[in-house]
Novice: 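Okay, handing you the structure first.
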There are 2 protein chains.
Amino acid sequence: MAKELTPRHIDYAKWYNDLIIKADLAENSGVRGCMVIKPYGYAIWEKIQQELDRRFKETGHQNAYFPLFIPKSYLSKEADHVEGFAKECAVVTHYRLKNAPDGKGVIVDDEARLEEELIVRPTSETIIWDTYRNWIQSYRDLPLLINQWANVVRWEMRTRLFLRTAEFLWQEGHTAHATRDEAIAEAELMLNVYADFAERFMAIPVIKGVKSPNERFAGAEETYCIEAMMQDGKALQAGTSHFLGQNFARAFDVKFATKEGKEEYVWATSWGVSTRLIGALIMTHSDDNGLVLPPTLAPIQVVIVPIYRGREDFEKVNEVAVNIFENLKKAGIAVKYDDRDTHKPGWKFNEYELKGVPIRIAIGPKDIENNQVEIARRDTLEKVVVSQIGLTDYIRKLLEDIQETIYEKARAFRDSMVSSADTWEEFTRLLDEKGGFISAHWDGTSETEERIKELTKATIRCIPFDQKPEEGKCILTGKNSKGRVLFARAY
Amino acid sequence: MAKELTPRHIDYAKWYNDLIIKADLAENSGVRGCMVIKPYGYAIWEKIQQELDRRFKETGHQNAYFPLFIPKSYLSKEADHVEGFAKECAVVTHYRLKNAPDGKGVIVDDEARLEEELIVRPTSETIIWDTYRNWIQSYRDLPLLINQWANVVRWEMRTRLFLRTAEFLWQEGHTAHATRDEAIAEAELMLNVYADFAERFMAIPVIKGVKSPNERFAGAEETYCIEAMMQDGKALQAGTSHFLGQNFARAFDVKFATKEGKEEYVWATSWGVSTRLIGALIMTHSDDNGLVLPPTLAPIQVVIVPIYRGREDFEKVNEVAVNIFENLKKAGIAVKYDDRDTHKPGWKFNEYELKGVPIRIAIGPKDIENNQVEIARRDTLEKVVVSQIGLTDYIRKLLEDIQETIYEKARAFRDSMVSSADTWEEFTRLLDEKGGFISAHWDGTSETEERIKELTKATIRCIPFDQKPEEGKCILTGKNSKGRVLFARAY
Ligand SMILES: [Zn+2]
Ligand SMILES: [Zn+2]
C-alpha cells in the first residue's frame, strides 16, 4: 500500500493528495469544492481543537455561537472588509423549494425570494459586531473575550484538500477592548498562543511577524501571522491575529462609556486558525511512506502487532501482547492492539506507517522466549529490540523523544531554507533553485510588492518580529530600505 | 433582577423567554430566525456535547465531517425525504456578489449563478449516503458507525429560542449495517443512550417509545423517540433515533458483498439531539426565580460570596473564603469566588439564583467567629449553616443530592401528568384542564390521528415501549384498539 504513494521528488502535489486519500484523512465530496473529513482526519482535528480550546480558556476566553448567515448589507458596512470578502461567497436567495411541474424532483419556489439576500459567513466580524453593539455599554463590559468554533465558506475555484476548500472548519476569536494598547496586546498574545501551540503541540516551527499592508486582513490595521515552511520550499500561513482598530466599532456603531464618562468607539481584534493546519502538519513531517504524526496529535500513539504462525504461537504471543496493551492504556497512552487475523503483519506494518502511528511494537515467539519486543519508530524508521521489563517507561520516554526529534528535524530544515539575497538575480535564482524564505530588502511600497509578485509569484510572508534595522537597497527598485523582510512562494 | 421575570403562572411563554434573556443564555440575532448562543448558554451546550461525545465513543462511534451544502437533486432521490425536508430550506443560488452600479453596497452577480442550486443541510442523510457508496464494498466495511457535530438549517416561520430556530446546533449519527436486525439494534441502542443521558445527566425523565407512522422521520421505517414533560403540561420530543431500512441505500445505490458473495443493499440508522435540549432543560427544572441547573450541567457548581462591611472585615472573610475556594477547586468542583466590590451581596444572590448555580456559600464575620458558613441550595432555596470542617465533603455530597432531588422532583411531576382517558369528553377535558400525557385508545389509522390533531392540537407522542396489550375502543371513532398510546400537546 505505502508503495503506491507518489514519491515527493516526483510530484509533491500528487504525493500530498495521495497521502490524504490513502491515510484516510479526507476526500472530495459530491459538492464542488467541499471536502469530507474522514474519521481518522477528524480525530486529528479534534486533538487540535481540544488543545487550542484549553489554551483559549486558560487565557480568559469563552466560547459562543453566532449565526451562519450574514445579511448582505452587513458586509457593506466596513469598506475594506466588503472588498475582501463579499466577492466569492455563497449567496442564499430563496427559502423554499416546490415540486417541479413535470413531477421530476424539486425546483426553487420563486415566490419564496428573500427580501435581502443572506451570505454564508466567510468570517464573522460583521454579524458579531452587530451583536456586540447591544452587549457593550460601559467600560465595565470590557474586555469581551469570545471565541467561536464554526464552519465558514469562501467560494474557491481551485481547491486542495485541507489547504483551500470552499467550506472549512476553524475557530475565530473576536475581542473588544477599551484601549488601543489593550487590543494590540491581545492580538499579540493570541499570536503567541498560536506560535507556541504550532511549535510545541504540532511540532511545526514558525516565524512570527506582521503582514505588509497588501497582505493584511480586509478591515485590519495590523495583521500578525505565523509562517511555516513546507518540505517543497513553499511557505504556509498557519495562523493570523488581527488588530482591527476601531473599524468595526465605527461600522456597527459600538461605543462605550469610559470611566471618565466619555463616549468612545471600542477597539477590536480577531484571530483564527483552521483545518488548513492539517495540511501544514502533513507537509512539515510526512515522508514517502506516508504520514508522520507527532505523538501529541496521533489518534493512535502506539500499535501492537502480534507475529505468529499457528494457534499455539498466537496464544503465547497474545498473552504478553494483551498485558503490554493494558499497561500502556493504564499509563494514559493511546494504544491499539491489532490482533486481526484477516491481515498479515507486513500489511499492518505498511498500514500504520501510512497512518503515521509514532511507535509500532511487534511481538513474536522468539520475543516471548527472550522477554523482549521489537520497537519501530515511525519518524526515523529505526528498529530496536528492548526488554519487556520497564517497557511502559521506555515507551513514554520514546514518545517524548519522537515529539522533540520531529520538531528539531523540521526546525533544522526550516533554518536551512532561510536565505539572504542582495541582488535581483540572486533573489530569482534562489527562488527557482532552492525556494524557501528569502530575506531581502524592499522599498516599503505596495507597487513594488505587487510587481515582485507578478514577476516571481513570491509574496512578502512577513516582516519578522526579530527584524534587525539594516540600511539597504530594494531588491527590485534599488530604493532605500531600512530592513529585510521575508519573501517566499506560498500555499 | 430575578423579580423582573414574568411568573410562570402568568405567562409561561414569556417566563421562558425572559429567563433565557436575563440568565444570558441566548438572544435573537439580526438574522431572522437565527439565535446567538451567549457564553453562559454555550457553556451548558459544551457540557452536553462532551458527555454525549464520550458516550458515543464508548459505544464504538467515530466523528467525521460532511459538507454543509447538499445539491438539490440529492434531496429528490428519496421520495419521502424530499417531501419532509425540501420544502422550507435555505437555497444557495449564486456564488458571487459585485459592486452595485449606483456605488451603494453590493448586489448579487447574475453571471455567477450555480448550475445546480445547493441546499443548506436540514439533515445529512443524502450527502452522507452519497459518500458511503464509496466507503462500503464488502461486509468487512460494516458496520460503519459515524457521528457528526454540525449546524443545520430549517426555515421556520415562527421561532422560539432553543426550541425552534432556523439554524440550530446538533449531532447526527449515521450508521450502516449488514443486516436489518443489527440496524434495529443500533437504533434502539442509541435511543437508550439518549434516554440514559437525559435522565442521569440532564435530570430529565423521559418516556421511550416509537412514533406513529404519521410522526415518523421522512424516510424512516421506524422512529424511536424520548418524550419529556414540561412544567406547563406540554410534551417535548427530546431525541429521536431512526431505523431507515434500506431506503437511503436504494436511493444512493449503496450495496455490499455479503460473506456468501451476494450483493445486498445496506441497512441504515440515523439519530440526533440538538440545542433544543437546552429548552427542555429550562422547562423541566427552572422556577420563577430563574434557572435551576443539575450540577452535572452547571458551568458554575458553587459560588462563594463574601459578606463584609469594612476593610478589616473583608480581610478576615477573604482569607477563609480563598481557602474554601482552593479546597473545592482541588476537589474538581467548578467553583467561583465572587469577591467583586462593585456589587452588593444581595445583588449577587439574585444573579446566581437567576443563573441556576446549584450551591451558594455565604461567609460573613460571624461565620468566621463560629467556624461556619451559610449554604443555600438553588433547587429547594433552603439555607443551612454548616461547619467549615469537612466542608468539601459536605459540598460534594450536596451536589449529588441536588442532582437526585432535581430528577426525583421532575419525575414525580411527570408521573402526575400521565392520565388515562376512556371517552372523548374525558380526553378533551383533561387536555384543556390539566394537560400532560393522556393514555388513550386509538384505532391505529392516520386519518383518526390527524382528525384528533385538528380538533385538539394533541398528537400521538409515542407508542410507549412498556405499552400493555389491552382491548379497547378508539377515543374518537370507537373502533377497536389493541393498546393505549400517549397523546399530548407538544412543543
Ligand atoms: Zn508572516
Ligand atoms: Zn415518543
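The sequence lines fix the lettering, A, B, ..., with proteins before strands; numbering per chain opens at 1.
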Novice: Could you check if a side-chain atom of Cys89(A) sits within less than 4.5 angstrom of a side-chain atom of Arg96(B), using non-hydrogen atoms only?
Specialist: no

Novice: Side chain to side chain contact (heavy atoms under 4.5 Å, CB included), that's the test. Do Tyr42(B) and Gln148(A) meet it? Break it down for me.
Specialist: CA-CA 10 Å; Tyr42(B) 199 83; Gln148(A) 163 170 278; over 6 Å; no

Novice: Could you look at Leu169(B) and say if it's the side chain, the backbone, both or neither that has a heavy atom under 4.5 Å from chain A?
Specialist: side chain

Novice: If you look at every heavy atom in Ser76(B) and Gly105(A), which pair is closest and at what distance?
Specialist: OG-CA, 3.6 Å

Novice: Once you round to the nearest 0.5 Å, how far does CD1 of Ile37(B) lie from CG of Asn63(A)?
Specialist: 11.0 Å

Novice: Nearest 0.5 Å, please: how far is CD in Gln50(A) from CD in Gln50(B)?
Specialist: 8.5 Å

Novice: Quick check for you: among Asn99(B), Asn147(B), Leu75(B), Asp109(B), which has the greatest number of heavy-atom pairs under 4.5 Å with chain A?
Specialist: Asn99(B)

Novice: Parallel, tilted or perpendicular: which describes the rings of Phe69(A) and Trp155(B), with under 30° parallel and over 60° perpendicular?
Specialist: tilted

Novice: So Tyr95(B) and Glu156(A), side-chain hydrogen bond (donor to acceptor under 3.5 Å, both in side chains) or not? Walk me through it.
Specialist: CA-CA 10 Å; Tyr95(B) 59 86; Glu156(A) 297 283 354; over 6 Å; no

Novice: What part of Glu117(A) gets closer than 4.5 Å to chain B, counting heavy atoms only: side chain, backbone, both or neither?
Specialist: side chain

Novice: Pick whichever of Met35(B), Gln62(B), Lys72(B) has the most heavy-atom pairs under 4.5 Å with chain A.
Specialist: Lys72(B)

Novice: Can you give me the closest heavy-atom contact between Arg121(B) and Asn151(A), atom names plus distance?
Specialist: NH2-ND2, 3.6 Å

Novice: Please classify the contact of Asp53(B) with chain A as side chain, backbone, both or neither, using a heavy-atom distance under 4.5 Å.
Specialist: side chain

Novice: Of all of Ser29(A), Cys34(A), Pro67(A), which one pairs up most often with chain B through heavy atoms under 4.5 Å apart?
Specialist: Pro67(A)

Novice: Decide yes or no for Ile70(A) and Val31(B): does some side-chain heavy atom of the first lie under 4.5 Å from some side-chain heavy atom of the second?
Specialist: no

Novice: Counting only heavy atoms not in Arg140(A), do more than 12 sit closer than 6.0 Å to its CZ atom?
Specialist: no

Novice: Looking at every non-hydrogen atom in both residues, tell me the closest pair between Glu167(A) and Phe66(B) and how far apart they are.
Specialist: OE1-O, 4.3 Å

Novice: Could you grab the distance from atom CZ of Arg32(B) to atom CD of Glu116(A), nearest 0.5 Å is fine?
Specialist: 13.0 Å

Novice: Check the pair Glu46(B) / Lys57(A) against salt bridge (Lys or Arg N to Asp or Glu O under 4.0 Å), numbers first and verdict last.
Specialist: CA-CA 13 Å; Glu46(B) 285 182 315; Lys57(A) 283 173 178 157; 3.2 Å; yes

Novice: Kindly indicate whether the side chain of Thr93(B), heavy atoms from C-beta on, has any atom under 4.5 Å from the side chain of Val91(A).
Specialist: no

Novice: So Ile146(A) and Pro39(B), do their side chains get closer than 4.5 Å, heavy atoms only?
Specialist: yes

Novice: Please classify the contact of Trp45(B) with chain A as side chain, backbone, both or neither, using a heavy-atom distance under 4.5 Å.
Specialist: neither

Novice: Below 4.5 Å from any heavy atom of chain B, which atoms of Tyr40(A) appear? Answer side chain, backbone, both or neither.
Specialist: neither

Novice: Under the criterion side chain to side chain contact (heavy atoms under 4.5 Å, CB included), which of Asp130(A), Asn134(A), Ile127(A), Thr131(A) is the partner of Val36(B)?
Specialist: Thr131(A)

Novice: Between Ala43(A), Ala64(A), Ala90(A), which residue shows the highest count of heavy-atom pairs closer than 4.5 Å to chain B?
Specialist: Ala64(A)

Novice: More than 12 heavy atoms of other residues, nucleotides or ligands under 6.0 Å from NZ of Lys329(B): is that the case?
Specialist: no

